[in-house]
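In what follows, a structure is listed as structure tokens, so that the remarks can point back to it.
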Amino acid sequence: MSLPSKENFSEWFHEIIQTAEIMDIRYPVKGLYVWFPFGFKLRQLVYGKLREIMDREHSEVYFPALIPETELGKESEHIRGFEDEVYWITHGGLSPLDVKLALRPTSETAMYPMFKLWIRNHADLPLRVYQIVNTFRYETKHTRPLIRLREITSFKEAHTAHRNYEEAEEQVKKAIGYYKEFYDFLAIPYMVIRRPDWDKFPGAVYTIAFDTVMPDGRSLQIGTVHHLGDNFAKTFEITYEAVDGNHYFVHQTCYGISERCIASLISMHGDDLGLVLPFEVAPVQIAVIPILYKGKEEKVLDFSNELLEKLKGFRVVFDKGEERPGAKYYKWELKGVPLRFEIGPKEAERREVVVSFRDEKKKFSVPIEEINEQKISQWAEEMRARLRKKAVESIKLKLKFVGELSELSEIVREYVSIMHLCKNRDCGEEIEKHGGKLLGWLEEIPDFLEVSKEGECIVCGGKGSLAVSARSY
RNA sequence: GGGGCCGUGGGGUAGCCUGGUAGAUCCUUUUGGCUUUGGGAGCCAGAGACCCGAGUUCAAAUCUCGGCGGCCCCA
């Protein structure tokens, strides 16, 4: 029943996914997992926020999951980046297909032939759409629920088209802003990192990623934003007629977030007792536990009902099951319920409620009259601040600035390594010889890092800026 | 890409080396009943398992091979 300690992160993650009923990992195909109802509810709430953000200036769409080989292969760099990982449909029934169909590894080549039809003139721009879909990649490394999947079940991908490079770049900045808002909402600290030129999205001009740090000191990419320039526009002939009457190629961006956001949510805040979830995304926000002594049930139940009446706007569980109170506390703590109200004969007598926050040990009493939506929202907001502070503190312990190249091999085994590095590819490759992966250069300095942006390249001594290397998931 | 370990009730394990009825390995889970309820209650009676396939053998959870699935280490 009890989880392994979070100190042993890999084991802890594996167990909590199952015992907290996020995903059932017993599905008999490698890399595919089943969402439990509870996990799916969490997904729905988290993606609800993402939808809310996207809906401000994007339209939600749906494109087919199957892409003909003829389209997938059009952009040569793009196909080279994915060809090892594509699942192919080769038959319809017993007959071989004339044109093989790929299960989308991502949707650029599904969407952009249609963009060509949709975009005629400058009034059609900017075009901004997104979809939340499954994608397939034949992963050869170890698969892991929510983190490395052969079917990504929850890929939010946005695709935009603009009149020129600059307007597309504006969109890149906006996208970064949206993702910041999303991860701030989840109280997950992140680094915004520009990927090395040799490690960008296949077909992109440049790639900017969101990376966070897992409790075992490995990095996890939890979002990417790509400036595609007019690379795909040229391949798929997406042009528009401008006010001057000439035709120009559009410039595009795309950006995505997968269920790794939920992996990071679980990993960042969870503890030895189970999930710890921000109030807004918790499938159960409040657990009300009555303590039913024999002969006093009615009094306690009446008072509970009075309380429940006040909690109508929230996702509440009223647990009057047979178990003893202690067992119920553990059960709902495992599920990450942010607020717990306990009501026994004493509380009914004094018209008070015992309140307990998931992220803190202490309990305290509050008169029932003081409990209302505003109070609860205030508690929720305070809890988010505490979660973020705690997350930042734990991340700080996993980051280390590296001043000497000779120290890197040692440090990168346990920490996400920060260093000054120039943009020279040779220097970047030198970094990776010491283990870990060069994630790239910090686009901005996060508030939890106190180091100067500029410095001498740790390899060649030239002009360098802050770079990050880590063992990554 | 290279190497190693593993698969037994829903979950975690003992048994495998040295083949001999899973009639009771242990913990957890679960069904019914009684008694309980302020941090994982107790008792009684039940339920539930050898990954799949082939081979060796009188006999396979146990030995061999293959498949599927999982974990770890190195690059």
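Proteins come first, then strands; the chains are lettered A, B, ... in the order of their sequence lines, and each starts at number 1.
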Could you tell me whether E297(A) contacts a base, only the sugar-phosphate backbone, or nothing, with contacts defined as non-hydrogen atoms closer than 4.0 Å?
nothing
Interface residues of residues 285-295 of chain A with RNA chain B (non-hydrogen, below 4.0 angstrom)
I291(A), L292(A), Y293(A), K294(A)
Is any NZ, NE, NH1 or NH2 atom of the basic residue among R384(A) and E280(A) found under 4.0 Å from an Asp or Glu carboxylate oxygen of the other?
yes
Heavy-atom contacts, protein to nucleotides 42-48 of chain B, under 4.0 Å, summarised as B (base), S (sugar-phosphate only) or - (none) per nt, yield -------
Sub-6.0 Å ring centroid separation between H227(A) and F201(A):
no
Nearest-angstrom distance, C1' atom, C17(B) to A24(B)
25 Å
Distance, rounded to the nearest Å, where K331(A) contributes NZ and U28(B) contributes P
18 Å
Examine distances only and state if a side-chain atom of E157(A) and a backbone atom of T106(A) form a donor-acceptor pair shorter than 3.5 Å.
no
Nearest-angstrom distance from the residue atom CD1 of I17(A) to P of G11(B):
17 Å
Distance between P atoms of U8(B) and G53(B) (Å, rounded):
16 Å
Rounding to a whole Å, what distance do you find between E322(A):CD and G33(B):C1'?
12 Å
Under a 3.5 Å distance rule, please check whether E297(A) uses its side chain to pair with a backbone N or O of G295(A) as donor and acceptor.
yes
Just by distance, do the side chain of H420(A) and the backbone of E454(A) share a donor-acceptor pair under 3.5 Å?
yes
Got P68(A) and L101(A) here, is their nearest side-chain heavy-atom distance under 4.5 Å?
yes
Between Y179(A) and G256(A), is there a donor-acceptor pair closer than 3.5 Å when you use the side chain of the first and the backbone of the second?
yes
What is the distance, to the nearest angstrom, from the CZ atom on F36(A) to the P atom on G11(B)?
10 Å
E342(A) CD to G39(B) C1': how many Å, rounded?
9 Å
Indicate whether Y330(A) forms a stack on G40(B); treat it as stacked only if centroid distance is below 5.5 angstrom and interplanar angle below 30 degrees.
yes
Quick check: does any side chain N or O of E259(A) sit under 3.5 Å from a backbone N or O of S154(A), one acting as donor and the other as acceptor?
yes
Is there, by distance only and without an angle test, a donor paired with an acceptor across the side chain of Q18(A) and the base of G12(B) below 3.5 Å?
no
Per-nucleotide protein contact along nucleotides 67-75 of chain B, 5' to 3', at a 4.0 Å heavy-atom cut-off (B base, S sugar-phosphate only, - neither), is --SS-B-S-
May I ask you to verify whether the side chain of K363(A) and the base of G39(B) hold a donor-acceptor pair under 3.5 Å?
yes
Would the number of heavy atoms belonging to other residues, nucleotides or ligands and lying under 6.0 Å from CD of E369(A) be above 12?
yes
Any R26(A) side-chain N or O less than 4.0 Å from OP1/OP2 of C51(B)
no
K346(A) with E352(A): basic N within carboxylate O range, under 4.0 Å:
no
Considering only the C1' atoms, how many Å lie between C50(B) and G19(B), rounded to the nearest integer?
14 Å
Looking at every strand, decide which applies to E333(A) at a 4.0 Å heavy-atom threshold: base, sugar-phosphate, or nothing.
base
Out of G11(B), G38(B), G39(B), which has the shortest distance to the side chain of K346(A)?
G38(B)
In whole Å, I'd like the distance from the CZ atom of F341(A) to the P atom of G39(B).
19 Å
side-chain N/O R324(A) vs A41(B) OP1/OP2, d < 4.0 Å:
yes
Write down the distance between CD (E323(A)) and P (G38(B)), rounded to a whole number of angstrom.
12 Å
Look at the rings of Y183(A) and Y190(A) and say which category their plane angle falls in: under 30° parallel, 30 to 60° tilted, over 60° perpendicular.
tilted
Give the rounded distance in Å between these two atoms: CG of L334(A) and P of G11(B).
17 Å
Flag this pair as yes if the NZ/CZ of R150(A) is under 6.0 angstrom from the six-membered ring centre of Y138(A) and inside a 45 degree cone about the axis; otherwise no.
yes
Does R386(A) make a cation-pi contact with F357(A) (under 6.0 Å, within 45 degrees of the axis)?
yes
